[in-house]
Chemist: 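The structure that follows is given in the form of structure tokens.
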Amino acid sequence: MILEDLLREHNLTKYEYERIISLIGREPNLTELGIFSLMWSEHCSYKSSKIHLQKLPTSGPQIIQGPGENAGVVDIGDEMAIVFKIESHNHPSFIEPFQGAATGVGGILRDIFTMGARPIALLDSLRFGPLTVSKNRAIMEGVVSGISSYGNSVGVPTVGGETFFHPSYSHNPLVNVFCLGLVNKGKIFYARAGSPGNAVIYVGAKTGRDGIHGATMASAEFDSQVEKKRPNVQVGDPFMEKLLLEACLEVMDKGLIVGIQDMGAAGLTCSTTEIAAKSGTGIRINLDLVPQREEGMTPYEIMLSESQERMLLIARPENVPEIQKIFAKWDLDAVVIGEITDSQKLEVFFQGKKVVDVPVEAVVNLCPVYDRPSRKPENYDFLHHLDYNSLDQAQNFNEVLLSLISHPNIANKEWIFRQYDHMVQTNTVLLPGADAAVLRIKGSKKFLAMTLDGNGLYCYLDPRTGGKIAVAEACRNLACVGAKPLGITNCLNFGNPEKPEIMWQFSEVVTGMAEACRYFDVPVTGGNVSFYNETEGKPIIPTPVIGAVGLIEGLSQPCSPGFKNEGDLIILAGANKEELGGSLYLQIMFGLEKGWPPEIDLEAERKLHLFSIEAIRRNLVESAHDISEGGLAVALAECSFLSDKRFGFLVNLEDRIRPDALLFGETQSRIVFSLKKENFLAFAQLAAQKEVPIKIIGQVQGKRMLFYQSGNLLIDLKVEEAFDIWKNSLEKILSPF
Amino acid sequence: MKFGVVVFPGSNCDYDTYYVLKEILNQPTFFLWHKDHDLKGVDCVILPGGFSYGDYLRSGAIARFSPLMEEIIEFAQKGGLVLGICNGFQILLEAGLLEGAMLRNKKLKFLCQTISIRVENNKIPFTREARPGQVLRIPIAHFDGNYYAPPEILDKLKKNDQIIFRYCTETGEINEEANVNGSIENIAGISNTSGNVLGMMPHPERAAEALLGSCDGLIIFKSIINFQKSII
């Protein structure tokens, strides 16, 4: 009975407990049980997702390091490489929004500079419940302030991201944080132990009782007692992080260390065992030497603490004094707490006694892997019963467009990104709001483009198609700024994987993503799975978030979405279809989350990306913007809003489909370009050569947005008036005074 | 012209400032470590933006006690050029080299955006390349930029022409709408009485390349360089 309670507290099954006994040949003591519970948690072990994630392609000529390290590494030429990753901090952000989000930023920054890279950009993908509910507003305010406070202080710009709202996130907000760093190819560091006798050095903040069981907390559903978990959330100290970052980069730059591992989720437990496991060595540490913030901490607490801003370094003993000198310069502790051994065990001493003695392989690599049962949800077929004839055509499309552009999913996000320092480090070329964030690389003629994307509703309606679209749209965003994709990282946010319906969604989404990645030849360099996004049994809609990174070469500046010149032609690349399923239009105007999401033809999509990248490279276009949520009408309006001079447009389309589908349908594989008339011939020739259907649909003109279908005027709005609504609606909801 | 950029723990615009001076303007530029007592013979000291000591107590309140501040204060008192940008401005206020104080922004949010400032005095070494009343487009990025000074200090600042920049509209109008952080009388930058110490909240180092949106910040750095040339 006591054992059962203990196992429940540690989120371990009886089967897993028995496996531990057979692996270590005896019953674990409490500290050892704690260590296994952390490392075998879903969060650390990927035990439910592993067999599915194997479907994702992970190799390519540009890949220096795929999944398995703190972050993926990609070659960008000229002896430079980029390091990037996305991670979730959903559970802590729900319990304590400010600290949850702040420590999410801190954790992903450490993942990047652990590899030797200087972080140069942060992006966030955020999901909240509707802002009409005050609790959701409070969560959002807390999350945005937390990201702002941490990222701004450390001095890494938050250059972009996305924010969406849906009722399923009300009790389960998503906070996915992406970071990218730049590193010299010869100075990449990994979690390595080197040879026995090497010193194990603890650096950074002191260890306290905060965050014990964070990783296990992130591996279970929440119930109504969730508030009680607040003490499990760690507290961030961005100033400490900044010092740690500078000191770590300095010892790495001077080649003073052998390996390094962040103490993130699962703290000292994870860093010691992973470093030893990756090098086939053992590790011995003495907890009496660990700098502690509180008195009377037990070995269990010290090993399981998730106090932030700590790192573990491995160095040859002769380099220790020099390392300590550098850390002292930054007013930081660097304490030798143990050494690398050849025992292949984790041995932990406390007050002269050995309190842990377990094989590192068992802890790190021998967690059971589950092929959990999966089943299509019972209501799945019902979701697709959508009779277009039952949908009344709106009478006033002006009003519909205004409702869409003022909806928080589409409205300008300045209220958010104004709180983020998006310019520090002076590399930000395209400010937040463009299709992708673009940074220049100092000392080169290259630009890096990055974007986060994922539509949960599409995945809810058809997870496989949704998975494909998530990848397609992220790559399309890159193509709109002229960037060739190099790799993607992903954060997969789902409900409880022990439920077959959730497992089915997960498996289908990953299958769809894998297919799209292969098609576009974009490998996955790593990522994160966040399961158990459920509160009181209600899961979120399945939400994969794709972080795509691309390279722009041979351009003096990237392409941006805003119209540039009066009289430029507006071209639609791609075909319009009568598709309304899963659209924001159906959600807002009819309250429907039904139908099939838009179809996706990966071949057409791939051709479109290649065409866009090439047209931009040849300087044929003035602007490019992806058509996504809200459809063609919203995309055109955004081209006006993002235009410095707020140019209007006149377009006329001849497609014989429902006008609402033409305006607001979210058919995939479409981009709106604007270009100078004299470039049209070359542009059209390129389109023919790349087999992309294009048509002139109108021109940039005046100060009104005019949209005709076969000569019938559907939309007629003043740009300035619509712009004010788009620009201010989020601010009105969040800062009404 | 030799520039020194001070590095406090938590400075994060130190490298950006160094980059503009060294790589764009080709000036000999050095980092000055806060624990040293050495200004390395520079002609102008810049206190860059960032979050010195995390700004945990009050922005700039701890950095003023850094060892190097003793030399900086002495240097300023002898007429040396000292420019404080954002957190650097806050440190100069805490150190007593400039008068007044910073409050939290009026809407109690961090603000990062490109704004307009009007040059109110182009007679000091930092602004001599600007036209009188010239409007500069320069980014801000701060939480505590709501400048305040009691009436007697405000009067003194006005009387001595120590108000160097004011927040304005794109056309140069000074009004409440343009006053993004709520500063008293739209003040964005002030100098000491002799004009050799300037504090400003906007970041001129972020407005030094057309690719990044504006070159107006260069006016300030070029003013310093040409001032130095003019006195040699």
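The sequence lines fix the lettering, A, B, ..., with proteins before strands; numbering per chain opens at 1.
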Chemist: Counting only non-hydrogen atoms closer than 4.5 Å, does A:T428 touch chain B with its backbone (N, CA, C, O), its side chain (CB onward), both, or neither?
Modeler: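 Answer is backbone: N, CA, C or O of A:T428 sit under 4.5 Å from chain B.
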Chemist: Would you indicate whether B:E176, at its atom CD, is surrounded by more than 12 heavy atoms from other residues, nucleotides or ligands within a distance under 6.0 Å?
Modeler: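 Yes, the 6.0 Å shell around CD holds more than 12 heavy atoms from other groups.
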Chemist: Start with the C-alpha gap between B:F51 and A:F239, add the side-chain angles, then the distance that decides, and say whether side chain to side chain contact (heavy atoms under 4.5 Å, CB included) holds.
Modeler: CA-CA 8 Å; B:F51 288 72; A:F239 174 56; over 6 Å; no
Chemist: Give the C-alpha distance, both sets of side-chain angles, the deciding distance and a yes or no for side chain to side chain contact (heavy atoms under 4.5 Å, CB included) between A:V424 and B:C13.
Modeler: CA-CA 7 Å; A:V424 65; B:C13 302; 4.1 Å; yes
Chemist: Counting heavy-atom pairs closer than 4.5 Å to chain B, which one of A:Q557, A:K329, A:E241 comes out on top?
Modeler: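 So the answer, after comparing A:Q557, A:K329, A:E241, is A:K329.
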Chemist: Got a second to check how far B:K35's NZ is from A:D331's CG, nearest 0.5 Å?
Modeler: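 Between atom NZ of B:K35 and atom CG of A:D331 there are 3.5 Å.
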Chemist: Can you tell me which portion of A:S556 sits under 4.5 Å from chain B's heavy atoms? Options are side chain, backbone, both or neither.
Modeler: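 Backbone of A:S556 only, per the 4.5 Å heavy-atom cut-off to chain B.
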Chemist: Any non-hydrogen side-chain atom of A:M423 less than 4.5 Å from a side-chain atom of B:P139?
Modeler: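 Counting from C-beta outward, A:M423 and B:P139 do come under 4.5 Å.
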Chemist: Within a strict 4.5 Å, meaning less than it, do heavy atoms of the A:S153 and B:Y56 side chains meet?
Modeler: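 Answer no - side chains too far apart.
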Chemist: Tell me whether the count of non-hydrogen atoms from other residues, nucleotides or ligands lying under 6.0 Å of NZ in B:K40 goes above 12.
Modeler: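 Yes, NZ of B:K40 has more than 12 neighbouring heavy atoms, counting only those of other groups under 6.0 Å.
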Chemist: What is the distance from atom SG of B:C112 to atom CZ of A:R418, rounded to the nearest 0.5 Å?
Modeler: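 If I round to the nearest 0.5 Å, the distance is 10.5 Å.
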Chemist: So how far is it from B:D14 CG to A:E246 CD, rounded to the nearest 0.5 Å?
Modeler: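 Rounded to the nearest 0.5 Å, the CG-CD separation comes out at 7.5 Å.
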Chemist: So, is the end of the A:K442 side chain (NZ or CZ) under 6.0 Å from the ring centre of B:Y19 and within 45° of the ring's axis?
Modeler: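 Yes, A:K442 sits over the ring of B:Y19.
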Chemist: For the residue pair A:D421 and B:A141, what are the closest heavy atoms and their distance?
Modeler: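 What the structure gives for the nearest pair is OD2-CB, 3.7 Å.
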Chemist: What part of B:T114 gets within 4.5 angstrom of chain A, counting heavy atoms only: side chain, backbone, both, or neither?
Modeler: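 For B:T114, backbone and side chain are both near chain A.
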Chemist: Need one label for B:Y53: side chain, backbone, both or neither, based on atoms under 4.5 Å from any heavy atom in chain A.
Modeler: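 Its backbone and side chain both get close to chain A.
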Chemist: Under the side chain to side chain contact (heavy atoms under 4.5 Å, CB included) criterion, do B:D16 and A:Q425 qualify, and how do the steps go?
Modeler: CA-CA 6 Å; B:D16 301 350; A:Q425 298 193 16; 4.3 Å; yes
Chemist: Measuring from atom NZ of A:K242 to atom OG of B:S52, what distance do you get when rounded to the nearest 0.5 angstrom?
Modeler: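 That separation rounds to 12.0 Å.
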Chemist: Treating A:N152 as the side-chain partner and B:G50 as the backbone partner, does any N or O pair qualify as donor plus acceptor under 3.5 Å?
Modeler: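 Between the backbone of B:G50 and the side chain of A:N152 there is no qualifying donor-acceptor contact (under 3.5 Å).
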Chemist: Is A:V154 in contact with chain B via its backbone, its side chain, both, or neither, using a 4.5 Å heavy-atom distance?
Modeler: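 Just the backbone, heavy atoms under 4.5 Å.
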Chemist: So which residues of residues 203-222 of chain B are in contact with chain A at a heavy-atom cut-off of under 4.5 Å?
Modeler: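 Near chain A, by residue number: B:E205, B:R206, B:E209, B:L211, B:L212.
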Chemist: Does B:N175 have more than 12 heavy atoms from other residues, nucleotides or ligands lying within 6.0 Å of its CG?
Modeler: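 Correct, the count exceeds 12.
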Chemist: Nearest 0.5 Å please: distance from the CG atom of B:L108 over to the OG atom of A:S145.
Modeler: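 Here the rounded value is 10.5 Å.
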Chemist: Suppose a student defines contact as a heavy atom less than 4.5 Å from any heavy atom of chain A. Which residues in residues 2-10 of chain B would they list?
Modeler: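 Within residues 2-10 of chain B, near chain A: B:P9, B:G10.
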Chemist: Closest approach of B:K109 and A:E141, non-hydrogen atoms and distance?
Modeler: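 Scanning both residues, the minimum pair turns out to be NZ-OE1, 2.9 Å.
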